[in-house]
Amino acid sequence: MATTYKYSIISITPDDLRGEMLNIGLIIRSRDSFDVYMSGASKLNAVFGGKWGEYVDRLKEDILSFASLDSAGDDIFSSLKLFYNNVHTSSEGEFVAFSDREKLATLRELNKIFILKKSIKRNQRKIGINDEIASILSSCQILGENSGDIFNHKVVRDYVVSFEENLKADFAVKNGRLHVATTLDLRSGNVGIDRAALKAIVLDKAKALDVANSGVRRVAVYASSDPKNCEYHVNILKDYSNDTYNWTDLDERQAFMSSFEQAAGVRRLDV
């Protein structure tokens, strides 16, 4: 008896800056079965270093867990996007097998074509919210070249708020009072809640930098054309920030830039 199987390729982008996407496994499902095949850990180790075996095993377990909670299988991909922002799945393909032996032969061929091949897909780097902010700051000559420029009333990038935990604010400026900002670009629609949580941790840790008893101003800047669709992310940021701005809203963008330019001691930027 013929069985129709649907398959989706699991890929991962371990480093957004390098933009390299590797295929690491396959999701195979039919009307009566659901399986996950992972065989890309060794390729991850070779390309990016470290030991990826445990990560891949945990990812497989989580996918199977999502499947057990969703009998139809339609929400598995949504769950993946929520908890693994760097993991992607392809649109589904389909094949027919008349026996388990034929199924396994097809899986070996799919694995050979999509997973074991040596080519690496490199994503074209997208311009994100940090690039857009930095471009405006640079054009107005208030973007510092290094972290030390914060003492020259410049806005600096990647300002360390915790050396022990290697936590950095995306932007910072100081005028007697320290202003730190974290950013979250939600325009891709594929941002896990963990990214918002990490930004919130950075803002929380920044409170400890208040050495002048003037209070650290903690700012969160996100980019979304539909904030209601990502309200969980936005609410987390609001809970840990003094001020929150939507970069895609022109008025809020100008308000954020105005606050940082004033802290840098210059007149309002035309953004």
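The analysis underlying the following values was restricted to heavy atoms, covering all of them including side chains, and did not include hydrogens, waters or symmetry mates. None of these values were measured; they are calculated from a predicted model.
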By ring-ring contact (aromatic ring centres under 6.0 Å, His included), which residues pair with Tyr240, not counting sequence neighbours?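 None.
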List the residues meeting ring-ring contact (aromatic ring centres under 6.0 Å, His included) with Phe256, not counting sequence neighbours, and say none if there are none.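 ring-ring contact (aromatic ring centres under 6.0 Å, His included) check on Phe256 returns Tyr245, Phe260.
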Give the cluster check for [X] versus [Y]: same hydrophobic cluster or not, with ILVMFWY residues linked at side-chain heavy-atom distances below 4.5 Å.
X	Y	value
Ile236	Tyr232	yes
Phe151	Leu209	yes
Leu178	Val160	no

Under 3.5 Å donor-acceptor, [X] side chain and [Y] backbone:
X	Y	result
Thr183	Asn130	no
Ser241	Leu237	yes
His233	Pro227	no
Asn246	Ser224	yes

Excluding sequence neighbours, so at least two apart, what forms side chain to side chain donor-acceptor pair (under 3.5 Å) with [X]?
X	result
Asp57	none
Tyr55	Asn86
Thr106	none
Ser33	Ser30

Non-hydrogen atoms of [X] and [Y] that approach each other most closely:
X	Y	answer
Ser258	Glu261	O-CG, 2.9 Å
Arg195	Val191	CB-CG1, 3.8 Å
Ser8	Glu92	CB-CG, 4.2 Å
Met38	Gly25	SD-CA, 3.9 Å
Leu186	Val234	CD1-CG2, 4.3 Å
Ala263	Asn175	O-CB, 3.1 Å

State, yes or no, whether a side-chain contact exists between Leu107 and Ile28 at a heavy-atom distance under 4.5 Å.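 Yes, at least one pair of side-chain atoms sits under 4.5 Å.
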If you define the side chain from C-beta out and look only at heavy atoms, does anything of Thr4 sit under 4.5 Å from Glu94?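 They are in contact (side-chain heavy atoms under 4.5 Å apart), so the answer is yes.
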Could you tell me the separation between the OH atom of Tyr159 and the NE2 atom of His179, rounded to the nearest 0.5 Å?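 Going from OH on Tyr159 over to NE2 on His179, the span is 12.0 Å.
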Counterpart residues, side-chain contact (heavy atoms from CB on, under 4.5 Å), relative to Ala223 (two or more places apart):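 Partners of Ala223 under the side-chain contact (heavy atoms from CB on, under 4.5 Å) test: Ile129, Asp185, Arg187, Trp247, Thr248.
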Please name all residues satisfying side-chain contact (heavy atoms from CB on, under 4.5 Å) with Ser91, sequence neighbours left out, ordered by chain then number.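 Testing Ser91 for side-chain contact (heavy atoms from CB on, under 4.5 Å), a comparison that skips the adjacent residues, returns none.
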Please collect all salt bridge (Lys or Arg N to Asp or Glu O under 4.0 Å) contacts where either partner lies in residues 146-172, sequence neighbours excluded, each pair once.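 Every pair satisfying salt bridge (Lys or Arg N to Asp or Glu O under 4.0 Å) with a residue in residues 146-172: Glu165-Lys205, Asp170-Lys199.
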Any pair counted as salt bridge (Lys or Arg N to Asp or Glu O under 4.0 Å), so long as it reaches residues 214-243, sequence neighbours left out: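 Of all non-adjacent pairs touching residues 214-243, those that pass salt bridge (Lys or Arg N to Asp or Glu O under 4.0 Å) are Arg217-Asp243.
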Evaluation steps, side chain to side chain donor-acceptor pair (under 3.5 Å), between His88 and Thr13: CA-CA 8 Å; His88 318 279; Thr13 307; 3.1 Å; yes
Given Leu64, which of Ile27, Val36, Leu59 fulfils the side-chain contact (heavy atoms from CB on, under 4.5 Å) condition?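 Exactly one candidate clears the test, Val36.
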Check salt bridge (charged side-chain N to carboxylate O under 4.0 Å, His left out) between Lys6 and all other residues, then give those that pass, not counting sequence neighbours.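 Scan of Lys6 (salt bridge (charged side-chain N to carboxylate O under 4.0 Å, His left out), adjacent residues dropped) gives none.
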Contacts of type salt bridge (charged side-chain N to carboxylate O under 4.0 Å, His left out), residue Asp204, not counting sequence neighbours: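 For Asp204, the residues satisfying salt bridge (charged side-chain N to carboxylate O under 4.0 Å, His left out) (neighbours in sequence not counted) are Lys207.
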